[in-house]
Amino acid sequence: MDLGVLARQHRLAITLLTRGWSRFDDLVRETGLPRRSVEELLAELGEDVERSGSALRLRPGSAGQWADHAGHPAAPPPDLEARIAEHLADVPPPLPALDHVQATADTVLRRALWLDEHYDLGRVKIVFVGDHDLTSLAVRELRADADLAVVDLDDRVLAHIDRRSESTIRTVHADLRFGLPRAVSGTADIVFSDPPYTPEGMALFASRAVECLSEPVRGRVLLAYGYSRRHPTLGHQTQKALLNLGLAFEAIVPGFNRYHGAQAIGSTADLYVCQPTPRARRKTKNPQAIYTHGPSSVEAGKTTESREALAAFTALAGEGGRTVTVAGPDWTKPATAEQGTAVALDLTGDPGPWLCRALLAVNAERVAALVPNAHPDLADAASQTALIELVAPKYKLRLLRSTPDNKHAVVVADRVETVSAASQVWTRAHARLGNVWPDAPAGLADLRLIDLPRHRIVEVLRLLTANRSISD
């Protein structure tokens with residue numbers, strides 16, 4: 001019997017029937033299940049249901065076979081809060097450009113307990129769309145049998161979750177502005193997210209959450225959202241954006257989330273429990289500006305200075321008489337340039353993860369990328385060496401700091417002509433790894449290189465270097 005996200009109410013109905021006689025009306029009222037759902041449950045229980053007038057009960061002696069469906073939330077380990085605090089103690093520092101604000105350990109604990117109380121975490125699949133707060137790790141500590149996945153833009157967070165969960169939580173990299181990786185599309189029963197609190201950010205993350213659901217109408221999207229009570233218009237705009245996606249507010253739990261920071265909204269956010277309607281849909285336009293800070297904030301825009309830098313950079317990319325094709329940062333689709341053509345990538349809004357993936361996505365004689373001069377991959381010698389080694393199967397890099405001005409840098413990638421196991425995978429970064437690498441480990445075979453967290457890409461390179469077996 002598939003109880004889905006309404007498992008808690010079904011569990012309660014079975015518990016009531018196990019304890020003794022209950023009237024049908026009482027089952028509806030005490031469980032909160034619609035009449036039709038109670039009727040379907042009784043039909044599933046079949047001949048094990050005894051009836052006396054309007055009263056019903058499970059036949060004595062039959063309760064055992066339904067005990068699994070009548071299970072209760074897990075008893076939290078006595079040290080659960082301490083374990084959560086330990087996970088949070090060395091979480092990567094928040095990135096203001098991604099609107100990171102750390103939730104309190106008490107909030108993360110409350111989220112895990114609330115999820116376990118309301119949903120059967122041993123039977124449903126949960127995808128966390130962004131998880132700097134490490135709610136996934138709290139759920140893992142509470143329920144070892146939970147099926148969990150995390151999609152995040154921040155490679156540091158994904159590496160932290162992988163390490164702390166001993167790789168029992170599936171981690172997938174994505175910038176949701178460019179799409180949702182197929183590895184998590186249509187896989188979830190429940191999606192949890194604490195998105196950027198702009199209307200654009202909330203709508204985009206909620207839209208991707210709907211895409212994650214295997215059966216949207218039967219699934220749930222849980223969102224943290226807060227706004228200043230001094231500015232109710234902003235709250236209305238965001239709620240309207242969610243409603244326009246076809247989401248119904250099943251519940252709004254006020255003050256559920258507390259934060260270290262975010263004082264403009266009282267360091268507090270509500271919990272929105274949303275049920276997609278049959279008309280729930282993904283956004284057709286995905287805005288680049290979704291954050292409240294940094295180059296991708298809703299207020300940011302191209303300045304005259306940045307446009308001049310882009311023009312100078314494009315001329316640099318075409319050195320040697322190459323024709324130049326200018327492209328944006330979207331790495332979700334493969335791109336191949338014609339012979340004699342250089343691809344110029346405008347990555348001036350890169351928060352860090354775009355550069356290496358854009359180089360994996362584009363196959364060309366030369367790729368030139370314009371990035372912020374303070375880009376993490378250029379910050380020091382160790383970071384530069386790591387980037388050079390990561391793309392070495394495909395490109396040889398030149399790193400030009402303070403070019404064409406002191407706010408930008410240019411990364412020039414010239415194609416490497418050698419053929420190796422790694423180079424064949426690196427030039428087919430959008431293929432299923434199992435299709436281009438017969439010896440791919442089971443945990444990687446169904447994924448694409450482009451969707452892996454960066455530390456897993458490094459792992460793939462290490463394995464390919466050690467084992468050169470590759471398909472044609």
Side-chain angles (χ1 to χ4, degrees), residues 90 92-93 95 97-98 152-163 171 173 175 313 316-317 319 329 331 342-429 433 437 444 448-468 470:
D90 60 347
L95 293 178
L98 298 182
D152 205 293
L153 173 62
D154 191 340
D155 282 304
R156 307 170 310 154
V157 169
L158 295 173
H160 184 75
I161 291 171
D162 251 356
R163 182 175 63 257
T171 53
H173 183 274
D175 188 321
F313 150 73
L316 179 64
E319 285 181 341
W331 64 79
V343 177
L345 299 175
D346 178 7
L347 306 185
T348 51
D350 184 6
W354 292 0
L355 176 58
C356 71
R357 290 178 174 83
L359 293 174
L360 290 175
V362 179
N363 294 317
E365 286 184 349
R366 171 176 292 174
V367 178
L370 182 67
V371 299
N373 206 27
H375 193 282
D377 281 331
L378 309 181
D380 52 43
S383 299
Q384 294 174 14
T385 298
L387 177 66
I388 290 170
E389 292 177 349
L390 185 66
V391 301
K394 187 175 181 179
Y395 292 120
K396 181 178 181 180
L397 300 186
R398 286 184 289 145
L399 310 178
L400 309 177
R401 300 294 300 276
S402 301
T403 304
D405 56 41
N406 60 7
K407 292 185 178 181
H408 298 89
V410 174
V411 176
V412 179
D414 289 306
R415 186 166 62 197
V416 175
E417 298 298 340
T418 58
V419 176
S420 65
S423 69
Q424 293 188 57
V425 174
W426 258 231
T427 55
R428 299 173 67 184
L433 276 170
W437 180 21
L444 297 174
R448 305 184 306 171
L449 186 70
I450 206 76
D451 297 330
L452 293 180
R454 182 158 169 169
H455 70 284
R456 302 298 298 275
I457 298 176
V458 173
E459 177 187 345
V460 169
L461 180 58
R462 178 180 59 80
L463 292 172
L464 282 170
T465 302
N467 177 8
R468 298 182 180 279
I470 195 72

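- The minimum heavy-atom distance linking Pro404 with Leu370 is given by the pair CD-CD1, 3.7 Å.
- Listed for the Tyr395 side chain is no donor-acceptor partner under 3.5 Å among the backbone atoms of Val412.
- Residues passing the side chain to side chain contact (heavy atoms under 4.5 Å, CB included) test with Ala159 are His455, sequence neighbours excluded.
- Looking at Asp154 and Pro353, their side chains never come closer than 4.5 Å, going by heavy atoms from C-beta outward.
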Chi angles and distances behind the side-chain contact (heavy atoms from CB on, under 4.5 Å) call for Arg357, Arg454: CA-CA 9 Å; Arg357 290 178 174 83; Arg454 182 158 169 169; 4.1 Å; yes
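- Interatomic distance, CG of Leu387 versus CG of Leu359, reported as 6.5 Å (0.5 Å rounding).
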Evaluation steps, salt bridge (charged side-chain N to carboxylate O under 4.0 Å, His left out), between Asp405 and Lys407: CA-CA 6 Å; Asp405 56 41; Lys407 292 185 178 181; over 6 Å; no
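- We find the CG-CG distance between Asp175 and Leu153 to be 4.5 Å, quoted to the nearest 0.5 Å.
- Nearest heavy atom pair, residue Ile388 against residue Leu397, reads CA-CD1, 4.0 Å.
- Taken to the nearest 0.5 Å, the CZ atom of Arg462 stands 14.5 Å off from the CD1 atom of Ile457.
- Atoms CH2 and SG, from Trp331 and Cys356 in turn, are 8.5 Å apart once rounded to the nearest 0.5 Å.
- Inter-residue side-chain proximity for Leu464 and Gln424 is flagged as unmet; no heavy-atom pair is nearer than 4.5 Å.
- Remark: side-chain polar atoms of Thr385 are paired, donor with acceptor, to backbone N or O of Ala381 under 3.5 angstrom.
- Contact detail for Trp426 and Leu390: the closest heavy-atom pair is NE1-O, 2.8 Å.
- Looking at heavy atoms from C-beta onward, His160 lies in side-chain contact with Asp90 at the 4.5 angstrom threshold.
- A pairwise comparison of heavy atoms in Ala369 and Leu355 identifies CB-CD1, 3.8 Å as the closest pair.
- The side-chain hydrogen bond (donor to acceptor under 3.5 Å, both in side chains) search around Thr403 returns none, not counting sequence neighbours.
- For Asn373, the side-chain hydrogen bond (donor to acceptor under 3.5 Å, both in side chains) test picks out Arg401, Ser402, with sequence neighbours left out.
- The two residues Leu378 and Ala409 come nearest to each other via the heavy atoms CD1-CB, 3.6 Å.
- Not counting sequence neighbours, the partners of Arg456 by the salt bridge (Lys or Arg N to Asp or Glu O under 4.0 Å) test are Asp162, Glu459.
- Qualifying salt bridge (Lys or Arg N to Asp or Glu O under 4.0 Å) partners for Asp451, counting only residues two or more places apart in sequence or in other chains: Arg448.
- Taking CG of Leu360 as the reference point, atom OG1 of Thr427 lies at 10.0 Å (rounded to 0.5 Å).
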Evaluation steps, side-chain contact (heavy atoms from CB on, under 4.5 Å), between Val411 and Leu400: CA-CA 6 Å; Val411 176; Leu400 309 177; over 6 Å; no
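- Here the straight-line distance linking atom CG of Leu452 with atom NE2 of His173 works out to 10.5 Å at 0.5 Å rounding.
- For Asp380, there are no salt bridge (Lys or Arg N to Asp or Glu O under 4.0 Å) partners, not counting sequence neighbours.
- Distance alone, capped at 3.5 Å, is enough to place a donor-acceptor pair between the Asp346 side chain and the Thr348 backbone.
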Check against side-chain contact (heavy atoms from CB on, under 4.5 Å), His408 and Phe313: CA-CA 10 Å; His408 298 89; Phe313 150 73; over 6 Å; no
Residues Val460, Trp437; criterion side-chain contact (heavy atoms from CB on, under 4.5 Å); working and verdict: CA-CA 10 Å; Val460 169; Trp437 180 21; 3.7 Å; yes
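- In this structure, Ala358 and Leu345 approach most closely via the heavy-atom pair CB-CD1, 3.7 Å.
- Judged purely by atom type and a 3.5 angstrom limit, Asp414 has no side-chain atom pairing as donor or acceptor with the backbone of Arg366.
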